[in-house]
There are 4 protein chains.
Amino acid sequence: MAETHQAHQHSYIANNNKDAYLKRLRRIEGQARGLQRMVEEEQYCIDILTQISAMTKALEAVALGLLDEHLAHCVVDAVKAGGEEKQIKLKEASDAIARLVRS
Amino acid sequence: MAETHQAHQHSYIANNNKDAYLKRLRRIEGQARGLQRMVEEEQYCIDILTQISAMTKALEAVALGLLDEHLAHCVVDAVKAGGEEKQIKLKEASDAIARLVRS
Amino acid sequence: MAETHQAHQHSYIANNNKDAYLKRLRRIEGQARGLQRMVEEEQYCIDILTQISAMTKALEAVALGLLDEHLAHCVVDAVKAGGEEKQIKLKEASDAIARLVRS
Amino acid sequence: MAETHQAHQHSYIANNNKDAYLKRLRRIEGQARGLQRMVEEEQYCIDILTQISAMTKALEAVALGLLDEHLAHCVVDAVKAGGEEKQIKLKEASDAIARLVRS
């Protein structure tokens, strides 16, 4: 039972990266607050747009990191398990990649 | 003096959209906190990636809104002023658009 | 009549950049043929994807170049003309920017 | 020997999708020629930009299709093979995904 759970543990936890992701997401939350302050203080549009581009890139980097670990762990495990599990996990990963490429 | 300031007021303020932008940015900040909770609770990678795509789209929509108003007000005013001011504002807008397209 | 036409000439022509754009687009057409050769010769997927990313970047650069000139000429002229023409051209430019950012 | 080659066959060939990809790439080449004609005939910037967005989306769809098959075949085979081959293929796929997301 414990092993089954182990097998399904998410890769960002298995790899002890949970804290690193939380830290990056807190920084992104800080950027979202910074944007509100810029609007509140009526700062220049172009400077706000520059901050939005930086924040988008930070989010993209988190997404690519999570996706890498997902492929290297959850998808790899599903491939080894084979059958329907393999098909489901590959389809899920493809759909997530398509959403990232299009967003 | 007051008129000079008036002339330089940013479009998102001139149009009484400040509150609307603040509201959208607060929601984006909430999404950033939601992502931290998902990692904290060890939720599934693919669900986290879906939320990141949604947040990226929300940020993109704010950026496109600010850019529209910037073109329709600051850039239009600079075009009317002409000369160096016009060149600077057009270059700034082009650079901001390129950053958005590439981010 | 001739002057009306002159006034509506597109910026990439007015600036003698027509040949430069044609040259860049011919190179992009060459990249599209190169991709077919890669598939024909059964080359490695990852190498094909690398070429697609390069081609997408080349297309993006052409789009940003055309957009810059469009803003600096057609949109500037429409702003000077004012009225409905100004509104239409600004809306058109915003929509084109949104399509680029989302594609 | 023949079997070794078989094992390394690329997924878009193994799946008899070679013709479908060639057809899509020929259409993309046609779009590149169409863009040249639009510039040659001095058509309106915004219409050219609309065509570029359509072409970018078509390229993106080809890339996502190839990537899906690459994951479902080459990467799956490498995972089964294990060891260094697995690591190399996962790293290659991650890098290709990052280039697509950023382009």
Side-chain angles (χ1 to χ4, degrees), chain B residues 7-15 17 20-21 24-25 28 49-103, chain C residues 7-15 17 20-21 24-25 28 49-103:
Chain B
H8 286 95
Q9 248 195 357
H10 305 314
S11 48
Y12 59 97
I13 304 158
N15 291 340
N17 284 334
Y21 280 110
R24 290 163 80 177
L25 290 169
I28 287 167
L49 291 174
T50 302
Q51 278 307 101
I52 292 181
S53 292
M55 190 174 158
T56 303
K57 277 191 187 302
L59 264 178
E60 199 173 85
V62 168
L64 288 170
L66 283 170
L67 184 66
D68 279 8
E69 295 194 57
H70 182 70
L71 289 177
H73 298 271
C74 304
V75 175
V76 160
D77 287 348
V79 165
K80 286 174 184 163
E84 204 192 4
E85 183 66 7
K86 186 185 90 168
Q87 295 313 118
I88 291 171
K89 285 285 184 280
L90 283 170
K91 179 75 175 68
E92 260 183 10
S94 290
D95 290 348
I97 293 165
R99 276 193 301 272
L100 286 177
V101 169
R102 289 177 179 139
S103 74
Chain C
H8 287 93
Q9 245 195 3
H10 305 313
S11 48
Y12 58 96
I13 304 158
N15 289 341
N17 284 333
Y21 280 111
R24 290 163 80 177
L25 290 170
I28 288 167
L49 290 175
T50 302
Q51 278 307 99
I52 293 181
S53 292
M55 191 173 157
T56 304
K57 277 191 186 301
L59 264 177
E60 199 173 85
V62 167
L64 289 171
L66 284 170
L67 184 66
D68 278 7
E69 295 193 57
H70 182 69
L71 289 176
H73 299 272
C74 304
V75 175
V76 160
D77 288 348
V79 166
K80 287 174 183 162
E84 202 193 6
E85 182 66 8
K86 186 185 90 166
Q87 296 313 116
I88 291 171
K89 286 284 185 281
L90 283 170
K91 180 75 175 68
E92 259 183 10
S94 289
D95 290 349
I97 293 165
R99 276 193 301 271
L100 286 178
V101 168
R102 289 177 178 138
S103 73

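Chain identifiers are assigned alphabetically (A, B, ...) following the order of the sequence lines, protein sequences preceding nucleic acid strands; residue numbering begins at 1 within each chain.
- Heavy-atom pairs under 4.5 Å with chain B peak, among C:Leu67, C:Leu100, C:Val75, C:Ile97, at C:Ile97.
- Listed by sequence position, B:Glu60 are the residues of residues 51-60 of chain B in contact with chain C, using a 4.5 angstrom heavy-atom cutoff.
- Of all heavy-atom pairs between B:Ala72 and C:Leu90, the closest is CA-CD1, 3.9 Å.
- Under the rule for a side chain to side chain donor-acceptor pair (under 3.5 Å), the partners of B:Arg99 that lie at least two apart in sequence or sit in another chain are A:Thr50.
- With rounding to the nearest 0.5 Å, the separation of OG in C:Ser94 from NE2 in B:His70 is 11.5 Å.
- Note on C:Gln87, C:Arg102, C:Lys80, C:Lys86: by heavy-atom pairs under 4.5 Å with chain B, the leading option is C:Arg102.
- Between atom CG of residue C:Asp95 and atom CG of residue B:Asp68 there is a gap of 8.0 Å, rounded to the nearest 0.5 Å.
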